[in-house]
Amino acid sequence: MSGLKATVTIVTGAGGGIGRATAVRLAAEGSRVGITDLNAEGLEQTAGLIRDAGGDVIAVAGDVMSPQTIDDLTTKVVDAYGRVDGLVNNVGIVMVKPVLEHSLEDFDRVMHINTWSCLATAQRVVPEMVKGGGGSIVNVSSVGALAAIPEAGVYCASKAAVVGLTRSMALELAPDIRVNALCPGGVETPMAEEHFSHFASREEAIAELSSNQMIKRYAAPEELANAIAFMISPESSFMTAAAVSVDGGWSAW
């Protein structure tokens, strides 16, 4: 993907899973990356993978819900590289609980982290993109925005909100800044692993949880990173306001 060479991309939630795979993939394609995560140890591991492969990376550990974290990262990235061309909003949490048992605190927490984080980060980064003449944003949503997931009603609501926000951002920021959403299905990430404890084995968990997919397995994070790299790059130059399903066919049922 030659269009990513010499670009600058910020990736949130890069301490593992899809965020780590995305940061490593973008760096391998020649993008200089700025990464953040609440998990400082995981974040440094990601930065180490990028540096060991000869890539450029700036890592700032912290809570992306804190304006200071994303401001510090963006400032350091701009000071070092002079611009920001891409943003991958990957931070998110899942909460498994029956719809009738969710509290207001549950709702606020899931919506705040999964939806507000995309907007808050974009508010800091987009002005830098404008200075550079444009850019591309990918907001990581979920198949839950497009298909029901049992006992994940508030999670699904938050990810549907990400798709709605993505489309409105795309409309307001066009034509120079493109904004798209990625909707993954089951992916082998640390967040997914939290659900495996409810099953007799990891293999049983994956088989059961991927049963709604046409492709009967979980995706590797790298498979989602491939899609994000395309969506961030100029190779997707006519794509904006899209909600792209990379879900093994789940949302078609």
Side-chain angles (χ1 to χ4, degrees), residues 11-13 17-19 21-22 64-65 86-102 106-122 136-174 177-192 194-195 208-215 217-221 223-232 236 239-253:
V11 182
T12 69
I18 295 172
T22 298
V64 77
M65 298 310 300
L87 169 63
V88 180
N89 280 315
N90 175 65
V91 166
I93 62 168
V94 65
M95 184 175 291
V96 179
K97 186 181 289 190
V99 169
L100 298 184
E101 295 181 11
H102 277 291
D106 292 338
F107 184 87
D108 284 347
R109 181 166 183 262
V110 175
M111 293 294 293
H112 203 62
I113 294 174
N114 289 358
T115 308
W116 171 250
S117 65
C118 294
L119 179 58
T121 304
S136 178
I137 299 172
V138 175
N139 296 322
V140 178
S141 179
S142 167
V143 65
L146 310 172
I149 301 176
E151 298 193 347
V154 172
Y155 172 78
C156 291
S158 72
K159 291 301 190 176
V162 170
V163 172
L165 177 63
T166 295
R167 289 171 174 157
S168 292
M169 289 172 62
L171 179 63
E172 292 189 29
L173 300 177
I177 295 176
R178 300 181 299 107
V179 190
N180 293 288
L182 179 76
C183 299
V187 187
E188 292 195 58
T189 65
M191 189 167 70
E194 295 175 16
H195 303 295
E208 175 65 25
L209 294 171
S210 63
S211 62
N212 285 335
Q213 299 176 175
M214 296 176 192
I215 299 174
R217 63 173 175 82
Y218 264 29
E223 292 177 286
L224 280 300
N226 292 340
I228 293 172
F230 170 72
M231 294 163 73
I232 280 288
S236 62
M239 178 189 294
T240 196
V244 179
S245 299
V246 183
D247 62 7
W250 186 339
S251 58
W253 289 67

Could you pull out all residues at least two apart from Ser251 that satisfy side chain to side chain contact (heavy atoms under 4.5 Å, CB included)? Val143, Leu146, Ser245, Asp247
Over all heavy atoms of both residues, which pair between Ser141 and Pro184 is shortest? Give the atoms and the distance, please. O-CD, 3.4 Å
Taking the side chain as every heavy atom from C-beta outward, state whether Leu173 and Val179 have any atom pair closer than 4.5 Å. yes
Under the salt bridge (charged side-chain N to carboxylate O under 4.0 Å, His left out) definition, can you give me all pairs with a residue in residues 138-148, not counting sequence neighbours? none
So CH2 of Trp253 and OG of Ser211: to nearest 0.5 Å the spacing works out to 8.0 Å
Can you see which heavy atom on Ala145 is nearest to which on Val163, and at what distance? CB-CG2, 3.8 Å
Distance check, rounded to the nearest 0.5 Å: Glu172 atom CD versus Ile177 atom CD1? 11.5 Å
Is it true that a side-chain atom of Gln213 and a backbone atom of Gly186 form a donor plus acceptor pair closer than 3.5 Å? yes
Of all the heavy-atom pairs spanning Ile232 and Gly86, show the shortest one and how long it is. CD1-CA, 4.2 Å
The reported gap from CD1 in Ile215 to CH2 in Trp250 (rounded to nearest 0.5 angstrom) is 13.5 Å
Please answer whether the main-chain N or O of Ile93 pairs with a side-chain N or O of Arg109 as donor and acceptor at a distance below 3.5 Å. no
Partner set under side-chain hydrogen bond (donor to acceptor under 3.5 Å, both in side chains) for Asp106, not counting sequence neighbours: Lys97, Ser103
Starting at NZ of Lys159, measure out to CE of Met111 and round the result to the nearest 0.5 Å. 11.0 Å
What closest approach, in Å, do Ala147 and Cys156 show between heavy atoms, and which atom pair accounts for it? O-SG, 4.2 Å
Identify, with sequence neighbours excluded, every residue that meets side-chain hydrogen bond (donor to acceptor under 3.5 Å, both in side chains) alongside Asn180. none
Which residues share a side chain to side chain contact (heavy atoms under 4.5 Å, CB included) with Thr121, sequence neighbours left out: Thr12, Val64, Ile70, Leu87, Asn89, Val125
For the residue pair Val99 and Gly153, what are the closest heavy atoms and their distance? CG2-CA, 4.1 Å
Taking the side chain from Ser136 and the backbone from Met231, do they hold a donor-acceptor pair closer than 3.5 Å? yes
Please name all residues satisfying salt bridge (Lys or Arg N to Asp or Glu O under 4.0 Å) with Glu223, sequence neighbours left out, ordered by chain then number. Arg217
Euclidean distance, Asn139 CG relative to Asn90 CG, rounded to 0.5 Å: 10.5 Å
Distance from Glu188 atom CD to Ile18 atom CD1, nearest 0.5 Å? 11.5 Å
Can you tell me if Ser168 uses its side chain to pair, donor with acceptor, with the backbone of Leu165 under 3.5 Å? no
Let's go through Thr22 and Leu224 carefully: what are the C-alpha distance in whole Å and the side-chain angles of both, what is the deciding distance for side chain to side chain contact (heavy atoms under 4.5 Å, CB included) to 0.1 Å, and is it a yes or a no? CA-CA 8 Å; Thr22 298; Leu224 280 300; 5.9 Å; no
Minimum heavy-atom distance between Gly19 and Val11, given as atom pair plus value: O-CG1, 3.8 Å
